[in-house]
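Okay, so here's the structure we're looking at.
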Amino acid sequence: MSTDTPIVTERTETDPGEKAEKVNWLAELRGLALMLLAVLAFHSFVAKPFYIPSASMVPNLLEGDRLVVSKYPYGWSWASASFHLLPRSETRIWADTPEYGDIVIPVHPDRDEDYIKRVVARAGDRFEVRKGQIILNGMPVKQETEPPLRIPIDANMPCNFGYNIENGAPFDYKVTLPDGRIVCEPPILRETMPNGASYLIIDHNTQRLDDFAEITIPEGHVFVMGDNRDHSADSRDFTGNGLSGPIPLENIGGRAEFITFSLDGSTSWNPISWWTSLRGGRAWTTLRPAIADGADQE
């Protein structure tokens, strides 16, 4: 008779046959929620990306530009919160006032829709526009003719500046260079504000927003305009698309700082395809206005 003892194999926790440990989905969801809250807080209190969807700030901003908007320069209000999650309110924390020439993000007075415009008048200023020129406290704001800019033409910059109201003819600023490239050369003016802030604008047509009767900017407000003066729904415009007069400071969600990158519109929304549509020379361009030599800065 055999006296051999059968061998028993003991299974340990490290054996491959052990069932996989269960995922703690509650902990995973909590971690994801905390991450999203951190991103939302950063976008609401520090800075967030912004996309330029129109030509209202040409020549300084082109459709397709991506830029960074800082949220803290003028304090925080309901407009600072990403996606405008907070109810509208007149409250501002650590409030400050934009300077002349700052590019800011005002929210439409009736819709939770962000615009991007330049500050051209502040509280207490007497503001007027005559034939396209700003009159600030009774003095014309300096405008000087600059050489035309050569802006590359692409899907996001088709060089379309509309029609001449006086004769109905389209404006054609397309120019063919000796090497065969076709570029856009609109007429350019340099505007310089009382604090020395200096920037380029386009004002090439005669249209209804070229004249704006004098008003005094109320306390706690600023007046804003687009740099592409004949194609901007801004504080001068009281139609449904415009900003309808001076902007309450609590309706300003931040200040534009610099361009991160720019797309020419030749690719899809898939980020993998963007490499072939990047515009050269626009990344890291500052959006703060230059200060003219000898300016009396505030």
Side-chain angles (χ1 to χ4, degrees), residues 50-67 69 100-106 108 113-121 127 129-134 141-166 169-175 183-193 197-212 222-239 241-244 247 256 259 262-265 279 282 285-290:
F50 194 87
Y51 164 70
I52 301 301
S54 73
S56 71
M57 289 295 289
V58 173
N60 301 293
L61 285 169
L62 305 180
E63 183 178 348
D65 283 349
R66 268 69 173 179
L67 50 100
V69 171
Y100 296 118
D102 283 359
I103 298 177
V104 299
I105 312 298
H108 190 275
E113 183 178 337
D114 290 329
Y115 283 50
I116 183 163
K117 305 295 175 187
R118 193 180 297 274
V119 174
V120 294
F127 176 86
V129 182
R130 296 181 201 159
K131 296 182 179 179
Q133 186 168 28
I134 295 171
V141 168
K142 185 178 181 181
Q143 289 183 345
E144 301 170 286
T145 301
E146 290 271 313
L149 287 178
R150 288 181 175 177
I151 306 174
I153 294 177
D154 54 42
N156 278 338
M157 180 57 197
C159 200
N160 180 9
F161 284 88
Y163 294 84
N164 190 321
I165 291 179
E166 294 179 348
F171 289 101
D172 186 6
Y173 298 129
K174 295 178 181 178
V175 176
V183 296
C184 189
E185 290 191 356
I188 300 293
L189 296 172
R190 177 169 293 279
E191 189 168 80
T192 304
M193 300 301 291
S198 182
Y199 46 85
L200 302 179
I201 65 168
I202 298 174
D203 188 8
H204 68 105
N205 200 2
T206 300
Q207 46 95 24
R208 64 183 179 85
L209 298 180
D210 279 349
D211 292 287
F212 189 90
V222 291
F223 200 95
V224 298
M225 293 170 65
D227 292 340
N228 192 359
R229 295 289 164 82
D230 296 316
H231 305 276
S232 175
D234 49 41
S235 287
R236 300 169 296 169
D237 190 351
F238 284 79
T239 67
N241 290 328
L243 290 170
S244 303
I247 306 296
I259 296 171
S262 184
L263 302 177
D264 63 16
R279 290 178 173 135
R282 295 195 65 75
T285 302
T286 181
L287 297 175
R288 303 302 306 281

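Heavy-atom minimum distance, P186 versus L149: CD-O, 3.9 Å. For the pair A233 and N241, the tightest heavy-atom approach, listed with the atom from each and the gap, is CB-O, 3.5 Å. Taking all atoms of both residues into account, the shortest heavy-atom contact from P289 to Y199 is CB-CD2, 4.3 Å. Summarising the geometry of K174 relative to P158, their closest heavy-atom pair is CE-O, 3.6 Å, with the distance given to 0.1 Å.
Looking only at side-chain heavy atoms (C-beta outward), D211 and K131 come within less than 4.5 Å of each other. Within the 4.5 Å cutoff, side-chain heavy atoms of N205 are placed close to those of N164. Side-chain contact check for I151 versus V183: every heavy-atom pair is 4.5 Å or farther apart.
Distance check, rounded to the nearest 0.5 Å: CD1 of I259 to CD1 of I52 gives 8.0 Å. Taken from CD in E146 to CD in E144, the straight-line distance is 7.0 Å, to the nearest 0.5 Å. Remark: L263 CG to N156 CG distance equals 7.5 Å, nearest 0.5 Å. Note that CZ of F127 and OG of S235 are 8.0 Å apart. Values are rounded to the nearest 0.5 Å. Separation of atoms CG (D172) and SG (C184) is listed at 8.5 Å; rounding is to 0.5 Å.
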Checking V141 against T192 for the side-chain contact (heavy atoms from CB on, under 4.5 Å) test, could you report, in this order, the C-alpha distance in whole Å, the side-chain angles of both residues, the deciding distance, and whether it holds? CA-CA 7 Å; V141 168; T192 304; 5.8 Å; no

Working for side-chain contact (heavy atoms from CB on, under 4.5 Å), residues V119 and V104: CA-CA 7 Å; V119 174; V104 299; 3.8 Å; yes

Test side-chain contact (heavy atoms from CB on, under 4.5 Å) on L287 and L67 and set out the steps. CA-CA 9 Å; L287 297 175; L67 50 100; 4.0 Å; yes

As a quick check of understanding, evaluate side-chain hydrogen bond (donor to acceptor under 3.5 Å, both in side chains) for S198 and R190, giving each step before the final call. CA-CA 7 Å; S198 182; R190 177 169 293 279; 3.0 Å; yes

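When the salt bridge (Lys or Arg N to Asp or Glu O under 4.0 Å) test is applied to D237, the partners found at least two apart in sequence or on another chain are R208. Scanning for ring-ring contact (aromatic ring centres under 6.0 Å, His included) contacts around F171 gives Y173, H204, with sequence neighbours left out. Residues satisfying the ring-ring contact (aromatic ring centres under 6.0 Å, His included) test with F50, not counting sequence neighbours, are none. Contacts of Q207 classified as side chain to side chain contact (heavy atoms under 4.5 Å, CB included), with partners at least two apart in sequence or in another chain: I165, L209, D210, D230, R236. Every side chain to side chain contact (heavy atoms under 4.5 Å, CB included) that R288 has, sequence neighbours left out, goes to D102, R255, E257, T286.
Salt bridge status for D65 with R279: present, with a side-chain N to carboxylate O gap under 4.0 Å. Using a cut-off of 4.0 Å between Lys/Arg side-chain N and Asp/Glu carboxylate O, R118 and E191 are scored as not salt-bridged.
None of L243, V120, I105 except one satisfies the side-chain contact (heavy atoms from CB on, under 4.5 Å) rule with V224; the exception is L243.
Listed for the Q143 side chain is no donor-acceptor partner under 3.5 Å among the backbone atoms of Q133. In this structure a side-chain-to-backbone donor-acceptor pair under 3.5 Å is present from R66 to G64. Between the side chain of H108 and the backbone N or O of Y115 there is no donor-acceptor pair closer than 3.5 Å. Between the side chain of S232 and the main chain of R229, no donor-acceptor pair closer than 3.5 Å is present.
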Kindly list each side-chain donor-acceptor pair under 3.5 angstrom involving residues 55-63, sequence neighbours excluded, with atom names and distances?
residue : atom : partner : partner atom : Å
S56     : OG   : K117    : NZ           : 3.2
N60     : ND2  : L200    : O            : 2.7
N60     : ND2  : D227    : OD2          : 2.8

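Aromatic pair F223/F212: centroids less than 6.0 angstrom apart.
Counting heavy-atom neighbours within 6.0 Å of Y163 OH, excluding the residue itself, gives a total of 12 or less.
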